[in-house]
Every structure is written in structure tokens, then in C-alpha cells.
Amino acid sequence: MYDPVILVAQAGLAALLVTSGYLIAMSWESTASPLRFAWKRLLRVIPALVIAILVTLFVIGPLLTSLPPPGDYFAALLSPAALFTAPYFEDGSVIGLFQDNPWTYVNGSLWTIPVEVMMYGVVAALGIAGLLHRLGAIAVLAAVNILAWMYWFDDPPGWRRSGSPSTSSSGAFLYLHRHRIAYRPVVAGALLLLLGFSAMTPYLTVAGVIAIPPYLTIYAAYLPIPYLSTFGRAGDFSYGIYIYHYPVQQALIQVTTNTLLLPALFGLSFAVTFALAYLSWHAVEKRALAAKSLGADDLRRRLRLPSLPESLTAWSIARK
């Protein structure tokens with residue numbers, strides 16, 4: 001029997017990865033050089049992530065750790081065992097966090113960050129090699145990944161981690177071939193019906209996480225829904241929500257000894273997380289992204305890097 005809460009979470013994760021792949025391809029297409037592409041991606045991911053990790057370790061950690069006095073917490077935090085698992089650590093036992101919660105992860109969502117960075121590399125490599133717009137390049141990579149997932153993994157952590165690159169790749173594919181793809185209500189409706197029928201088979205996870213969401217996610221993203229379609233004008237809070245929601249929920253579960261009902265946990269955690277995401281956007285992310293306008297030559301001078309070989313920049317010259 002499928003757990004509806006888990007299914008919603010899986011669908012949400014798939015939609016996130018599809019959107020990420022779509023925007024990564026868009027970023028590459030609008031960028032003049034591999035160095036600037038890397039610079040833009042670094043500015044989008046790293047500054048806010050570092051602050052979120054520091055807030056988790058130096059604010060939430062000392063307040064909620066089960067270790068004795070603060071000195072013991074910081075000693076454990078700087079121990080080799082803790083350093084080996086940071087910053088994408090999952091089990092908080094080393095620093096005494098969330099050990100009585102149903103899940104003991106500190107920020108289990110951050111495992112997707114290396115996946116996203118890997119996608120940056122894949123898109124850049126295919127772009128430099130001139131293969132990015134080849135109709136089958138990304139499709140073949142996604143298909144190989146799906147087949148490997150289906151063969152090797154049958155547990156949620158396994159398929160979740162291995163299937164995610166193919167989901168992100170599908171988003172990139174939809175952007176790169178957007179002029180060939182028509183988003184129609186009848187197609188979206190047919191896919192929803194297929195999703196419903198797949199619930200009666202063992203393949204709901206495949207249909208609901210890999211095969212269907214790419215089209216439906218991008219279709220829904222362009223729907224003129226009142227308020228939702230203009231929500232981003234106030235700021236892009238999506239990344240802040242993603243990097244803060246897990247430790248916030250874990251903290252609320254620990255403080256309330258897991259007595260909150262799901263609607264109350266959702267509402268309270270969303271309110272706290274949104275406040276943190278708002279601060280993250282206006283205090284960190286927006287300021288970091290303001291540096292995106294620096295040109296490739298400016299970046300090379302500031303980072304003291306040599307000029308890129310002509311073979312790596314010829315593609316951009318030819319495209320102009």
C-alpha cells in the first residue's frame with residue numbers, strides 16, 4: 001500500500017529537480033563562458049548554504065544538543081567524526097542532535113546539493129563538447145541512469161539518490177528542446193490519468209517520480225494562476241525554504257516531543273522557515289547574485305586565474 005504522504009514528498013522532490021534542471025540549462029544558454037557559468041552557479045548555491053549550515057551548527061545545535069555543557073558540543077562539532085560528515089551530514093548523533101526524533105538526520109535535504117553541482121558539470125561538459133543540443137544526448141544519459149536505478153535499487157534512499165540525476169536531466173531536456181514541445185491541457189490530462197492508473201500497478205513510483213513530472217511540472221509552472229504566478233516578484237524564497245525547512249522541522253519535533261499533529265507541524269514549520277527564507281534572500285542571496293554581472297575577464301582578474309584555452313572558448317565565439 002502506498003503512503004500518500006511519502007508519495008506527495010516524492011512528487012515534490014521530482015518537481016524540484018525538474019525545475020532545477022530546466023533553470024540550469026537556461027543559465028548555461030544565457031552565459032558567455034564556462035567560467036562565468038560556474039561563477040553564477042556558485043553565487044546561487046554557496047553563500048546561502050554556508051549561512052544555513054552555520055545557523056544550524058552554531059544556533060540550533062547549542063540550544064538543542066543532548067550533550068552536556070556547550071564546551072562538549074563544540075568539542076564534538078570539531079571532532080574528526082563530525083567534520084567528516086559536515087556539511088552534508090545526516091546523522092546528528094556525533095553532535096547530540098535530534099536523537100529522540102523519528103528521524104535523526106540534521107538536514108537530510110542537503111544530499112541534493114552535490115547532485116545539482118554534478119548537473120552543472122554535466123551541462124557544462126556537454127555544452128563545451130557541442131553535444132548539449134543533440135536530441136539524444138541528455139535523453140541517453142537519463143535513460144542509462146533510470147535503468148541503473150531500476151536494476152540496483154529497491155529501497156527509497158537508493159532510488160531517491162540514483163534516480164534524481166535523470167529527473168534533473170529531463171528538466172534540462174525540456175528547456176533545450178522547448179521550441180519542439182507543446183504544452184497542452186489534453187496532454188497534461190492524459191498524463192494525470194496515466195498516473196491514476198499506475199496506482200493500481202507496482203510502477204507508481206516510476207510513473208509518479210520519473211516518467212510524468214517533467215511535462216506536468218513545466219506545464220503547471222507556466223499556468224497563469226492568480227497570486228501564484230506572480231509570487232516570485234517579492235523575491236525568490238525557494239532556495240531558502242529548501243535549505244532551512246529540515247532543521248526547523250526537526251527542532252520543532254524535538255521541542256514539542258513529537259506531539260504536534262501534521263497540520264500544526266506543517267503550518268508552524270512553514271511560518272518559521274518562510275521567515276528565515278525571507279531573511280536569507282534579502283540579506284544573503286540577493287546581495288550575492290548582484291555580483292553575477294561581473295564579466296569573465298573581471299572574474300579571472302579577481303580570482304587571479306589564467307585565461308582559458310582557446311579550445312574552451314571557441315564555442316561561445318562561434319555562437320555569437
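- In the hydrophobic clustering of ILVMFWY residues, with side-chain heavy atoms under 4.5 Å counting as a link, I113 and I24 come out together.
- For the pair T65 (side chain) and G61 (backbone), a donor-acceptor distance under 3.5 Å is absent.
- Results of the side-chain hydrogen bond (donor to acceptor under 3.5 Å, both in side chains) test with Q250 over T56, T104, N101 single out N101 as the only residue that passes.
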Please assess E116 against S20 for the test side-chain hydrogen bond (donor to acceptor under 3.5 Å, both in side chains), listing each intermediate value before the final yes or no. CA-CA 8 Å; E116 182 147 340; S20 175; 3.0 Å; yes
Stepwise, does the side-chain hydrogen bond (donor to acceptor under 3.5 Å, both in side chains) test hold for Y22 with S170? CA-CA 8 Å; Y22 193 90; S170 64; over 6 Å; no
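- Taking both residues in full, the closest heavy atoms of Y244 and I51 are given as OH-CG2, 3.7 Å, listed atom of the first, atom of the second, then distance.
- The distance from atom CD1 of I53 to atom CG of L110, rounded to the nearest 0.5 Å, is 6.0 Å.
- Nearest heavy atoms, L268 versus L252: CD2-CD2, 3.8 Å.
- With V248 as the partner, the side chain to side chain contact (heavy atoms under 4.5 Å, CB included) test is satisfied by one option alone out of L276, N107, V55, I253: L276.
- A heavy-atom distance below 4.5 Å is found between the side chains of L289 and R44.
- Aromatic pair Y105/F98: centroids not less than 6.0 angstrom apart.
- Between F37 and W28, the ring-plane angle classifies as perpendicular under the 30° and 60° cut-offs.
- With hydrogens and angles left out, the side-chain atoms of S269 and H245 include no donor and acceptor closer than 3.5 Å.
- In this structure a side-chain-to-backbone donor-acceptor pair under 3.5 Å is present from R178 to Y175.
- At distances below 3.5 Å, not a single donor-acceptor pair connects side-chain atoms of T257 with backbone N or O atoms of T259.
- Looking at S280 and Y239, their side chains never bring a donor and an acceptor atom within 3.5 Å of each other.
- Looking at every heavy atom in both residues, I95 comes nearest to L77 through CG2-CA, 3.7 Å.
- Within 6.0 Å of atom CZ in R184, 12 or fewer heavy atoms from other residues, nucleotides or ligands are found, so the atom counts as exposed in its surroundings.
- Between P214 and L174, the shortest heavy-atom distance links the atoms O-CD1, 3.3 Å.
- Of all non-hydrogen atoms in A48 and E285, the two that sit nearest each other are CB-CG, 3.5 Å.
- With hydrophobic clusters built from ILVMFWY side chains whose heavy atoms lie under 4.5 angstrom apart, L42 shares a cluster with L54.
- The aromatic rings of Y215 and Y183 are tilted relative to each other, their planes meeting at an angle between 30° and 60°.
- For the pair V106 and Y246, the tightest heavy-atom approach, listed with the atom from each and the gap, is O-CD2, 3.5 Å.
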